[in-house]
Amino acid sequence: MESSNVPSPLDWGMWRAHTHATLMFIIKDGKILLIEKKRGLGAGKINGPGGKIDPGETPLQCAIRETQEELLITALGPRKIGELHFAMSDVPDILCHVYVAHDFEGVPTETDEAKPRWFRLEDIPYSQMWSDDVHWIPLMLSDRTFLGRFAFSDEEVAWFDVEEGVGFPSEG
Ligand SMILES: Nc1ncnc2c1[nH]c(=O)n2[C@H]1C[C@H](O)[C@@H](COP(=O)(O)OP(=O)(O)OP(=O)(O)O)O1
């Protein structure tokens, strides 16, 4: 477990997410498909495609739909690799399900929501991403499951811990 060296500012046992969301990472041929997010929360940052879960939708359905809407591609064989709990200071708290796929159908295409960007795995642009990403993306690249908890102050991580080897239900 990697974590801050200070006590958590909140009781995670009592924590409940206001918003449920997803991220989808396509990793293929030594590269990762990311987006330049053009609008909404995190606009201007580099991230994976993803977004909020619609009513009646499973997290997996959401991750596939958001990737189709943002990049006009369909992820093939996605599997859940992580879960991120974000206690935010300025927007409602978010629980984010993270998926990885190693293939896709279609051609990654810019939309009004996102511009596709391929990066070599050794060149991931952490300085242009959410400040939590550097704490769990390396685990994802090593194919290790994780549960990350992050307390933000504005856009910066004020406290975190990341647990490895977490099990998830097969669809989840
Ligand atoms: N801290 C952090 N690190 C990495 N990724 C994220 C965060 N916070 C986040 O919210 N995210 C991710 C989770 C989601 O994929 C997006 C936020 O979803 P959003 O763009 O608001 O959802 P949409 O449904 O696409 O938005 P609208 O349609 O409502 O505009 O960022």
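Here, residue 1 is the first one in the sequence, and each next residue gets the next number. We count ligands from 1, going down the list as the structure has it; atoms in each ligand are counted the same way.
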### Task
Provide, to 0.1 Å, the distance between atom 12 (C) of ligand 1 and the closest protein heavy atom, together with that atom's residue and name.
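For this ligand atom, the closest protein heavy atom is N47 ND2, 3.7 Å.
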### Query
How far is atom 24 (O) of ligand 1 from its nearest protein heavy atom, and which residue and atom is that?
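Ranking protein heavy atoms by distance from atom 24 (O) of ligand 1, first comes K52 N, 3.0 Å.
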### Query
So, for atom 15 (O) of ligand 1, does the protein have a heavy atom nearer than 4.0 Å?
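Neighbour list for atom 15 (O) of ligand 1 includes protein heavy atoms (cut-off 4.0 Å).
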Non-hydrogen atom of [X] closer than 4.0 Å to ligand 1:
X: F152; value: yes
X: E66; value: yes
X: G50; value: yes

### Query
Considering only heavy atoms, does T22 approach ligand 1 within less than 4.0 Å through its side chain, its backbone, both, or neither?
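Answer for T22: backbone.
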### Query
Can you tell which part of F86 has a heavy atom less than 4.0 Å from ligand 1: side chain, backbone, both or neither?
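The answer is the side chain of F86.
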### Task
Output the distance between atom CG (D133) and atom CG (L23), rounded to the nearest 0.5 Å.
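Nearest 0.5 Å value for the CG-CG distance: 8.0 Å.
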[X], any N or O under 3.5 Å of ligand 1 N or O:
X: R39; value: no
X: K37; value: yes
X: G51; value: yes

### Cation-pi, F104 ring and K28 (6.0 angstrom, 45 degrees)
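Output yes; distance and angle both within limits.
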### Ring center gap for F86 and W12 short of 6.0 angstrom
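When the ring centroids of F86 and W12 are compared, they turn out to be at least 6.0 Å apart.
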#### Entry: Audit row: D93, R16, salt bridge (charged side-chain N to carboxylate O under 4.0 Å, His left out) steps and yes/no
CA-CA 8 Å; D93 292 355; R16 296 291 177 273; over 6 Å; no
